[in-house]
Amino acid sequence: MAGDWFERALGVIPGGVNSPVRAFGSVGGQPFFTTRAEGAHLYDTNGNRYLDYVQSWGAVILGHAHPAVVEAIAQAATRGTSYGTPTTAEVELAEAIRERMPALEKIRLVSSGTEAAMTAVRLARGATGRAKIVKLAGCYHGHLDALLVAAGSGVATLGLPGSAGVTAGTVADTIVCPYNDLDAVDAAFAEHGDDIAALLVEPVAANMGLVAPLPGYLQGLAERCRRHGALFVVDEVITGFRVARGGAQALYDLRPDLTIFGKVAGGGLPLAGLGGRADVMDHLAPLGPVYQAGTLSGNPLATAAGLATLSVLDDAAYGRITQSARRLAEGLSVALETSGVVATVTQVATLVGVFFGPAVHDYESAKTADHERYARFFHGLLERGVYFAPSGYETLFCGLAHDDTTIDETVAAAFAVAATL
Ligand SMILES: *Cc1c(COP(=O)(O)O)cnc(C)c1O
């Protein structure tokens, strides 16, 4: 029984989980324990089957246990799991990424998005000789100290730590501005312009629910960075190879100085990376003075899974997934509206979000959504075999394994649950 496993887990793992949001803290109840997954479905220790819209938090896009990915990993494993020398697959994956995102002139692979963001911050500081970083409230870039800053800080105020164990000193150089607000960024640059090394942005904010950038916002950020000599760093850990073949930078016609990627790029294995202008990337060791390293960086199983995943994802695949996401968003919208529930369903390409409240454009408005109602919605769906993200601050992921039948099943379940909200 899942309950028994959760009891055992609580005895040996803090909170029973190896990443906090898995614990169902914001929706209540106990997490199920997955034993296997296939296509759009997860199976738990009690033999239940769930239609999965979490997809390993966006790391899986072809569907679970896709034959091409399984085969690539199995083949790679027979040749050894890690060498600590260069491999041809690292070059092939870097080239495959650059072909999709030409702004990534050079690329370094690491093992997690956190590591990639940490490296990007150090590299930006090392390359510019400046200290400060602008981050946008509600955007998540992994759990590195410098970016774990309390959200919602005012315009250009210096951040307060958003986690115990993060010293005020570590975030003293982090400036937090609200998302979708260019005036706030102007104020930050007016005050600290000569000392800002980089601005980091999620091009489509997907860690405060799903919030789209307002028209011109991303271009406006890029322009301000250029004007003040700061690096424009786009965090595509979610959007990369997810919202379009070339990521959000293709969708919004951006050319970032640096890009962080992860999740889809590793095909469900631990792989992430950063890439960008060659003159900036060449500041990394061994060419330059900015140190960065990793025992398992560019791991052969992860690069095999990443290459296999990318090779399946042509423009037609993104078209199909976007179509599924649209069908889901429209269906959820109608279901909630029909029941008289005030809700906003957002959709950007293959991503979908649900807010129980009026339209959201930044973290402050995301916080005003009714997250208790989201929790009831979540549990109602779960009882009907549909697994949405266990927090109203997360995003729903469609993939190639979600078809019209699974979407329609989901919408039918949403109709049933909406009537009880
Ligand atoms: C998940 C995520 C990260 C962190 O990646 P990890 O592999 O979990 O460390 C960074 N940025 C964004 C936008 C993410 O969604």
Side-chain angles (χ1 to χ4, degrees), residues 17-23 53-61 101 108-124 133-149 151 162-163 174 179 198-213 218 221 232-243 247-249 251-252 254 256 258-276 292 294 296-299 302-303 305-306 309 348-353 363 366 389-397:
V17 293
N18 282 314
S19 196
V21 76
R22 294 180 196 167
Y53 287 94
V54 181
Q55 299 282 302
S56 186
W57 304 91
V60 172
I61 189 168
M101 295 181 174
R108 168 91 21 116
L109 298 179
V110 298
S111 299
S112 74
T114 296
E115 214 187 330
M118 182 185 78
T119 304
V121 167
R122 186 182 306 141
L123 175 59
I133 301 292
V134 177
K135 109 169 256 296
L136 304 163
C139 286
Y140 178 64
H141 306 291
H143 61 94
L144 58 154
D145 286 5
L147 300 179
L148 272 183
V149 180
S163 162
T174 306
Y179 194 75
L199 176 147
L200 276 80
V201 61
E202 275 187 81
V204 180
N207 284 288
M208 51 171 143
L210 182 71
V211 179
L218 297 170
L221 293 178
F232 179 50
V233 184
V234 171
D235 182 342
E236 294 232 40
V237 174
I238 281 189
T239 53
F241 322 107
R242 161 69 67 182
V243 296
Q249 51 198 275
L251 206 59
Y252 295 101
L254 305 169
L258 289 177
T259 297
I260 305 164
F261 58 89
K263 297 195 168 114
V264 167
L269 266 70
L271 182 142
L274 71 161
Q292 185 277 333
L296 293 178
S297 293
N299 174 266
T303 49
T309 298
V348 177
T350 60
L351 302 171
V352 175
Y363 189 44
S391 161
Y393 290 105
E394 302 289 347
T395 289
L396 305 175
F397 297 100

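Start at 1 and go down the list; that is how both ligands and their atoms are numbered.
The closest heavy-atom contact to atom 11 (N) of ligand 1, among the options Asp235, Ile238, Leu271, Thr114, comes from Asp235. Selection from Met118, His143, Glu236, His141 by nearest heavy atom to atom 10 (C) of ligand 1 gives His141.
Tyr140 approaches Glu202 most closely through the heavy-atom pair N-OE2, 2.9 Å. The minimum heavy-atom distance linking Phe397 with Gln55 is given by the pair O-CG, 3.7 Å. The two residues Leu210 and Leu351 have their closest heavy-atom pair at CD2-O, 3.4 Å. Here the closest non-hydrogen pair linking Pro203 and Leu218 is O-CD1, 3.5 Å. The minimum heavy-atom distance linking Leu144 with Ala117 is given by the pair CD2-CB, 3.7 Å.
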Check: After noting the C-alpha distance and the side-chain angles of Val348 and Thr239, does the key distance pass the side chain to side chain contact (heavy atoms under 4.5 Å, CB included) rule?
Finding: CA-CA 10 Å; Val348 177; Thr239 53; over 6 Å; no

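Of all atoms in ligand 1, numbered sequentially from 1 with element shown, those under 4.0 Å from a heavy atom of Glu202 are 13 (C). Heavy-atom proximity to Ser112, at under 4.0 Å, picks out these atoms of ligand 1: 7 (O), 9 (O).
Protein heavy atom nearest atom 12 (C) of ligand 1, with residue, atom name and distance: Tyr140 O, 3.3 Å. Looking from atom 1 (C) of ligand 1 to the surrounding protein, the closest heavy atom is Lys263 NZ, 1.6 Å.
Closer than 4.0 Å to atom 8 (O) of ligand 1 lies none of the heavy atoms of the protein.
Geometrically, ligand 1 and Gly113 share a nitrogen or oxygen pair separated by less than 3.5 Å.
Looking at Asn207 against ligand 1, only its side chain comes within 4.0 Å, counting heavy atoms.
With 3.5 Å as the limit, one finds a donor-acceptor pair spanning the side chains of Arg108 and Gln292.
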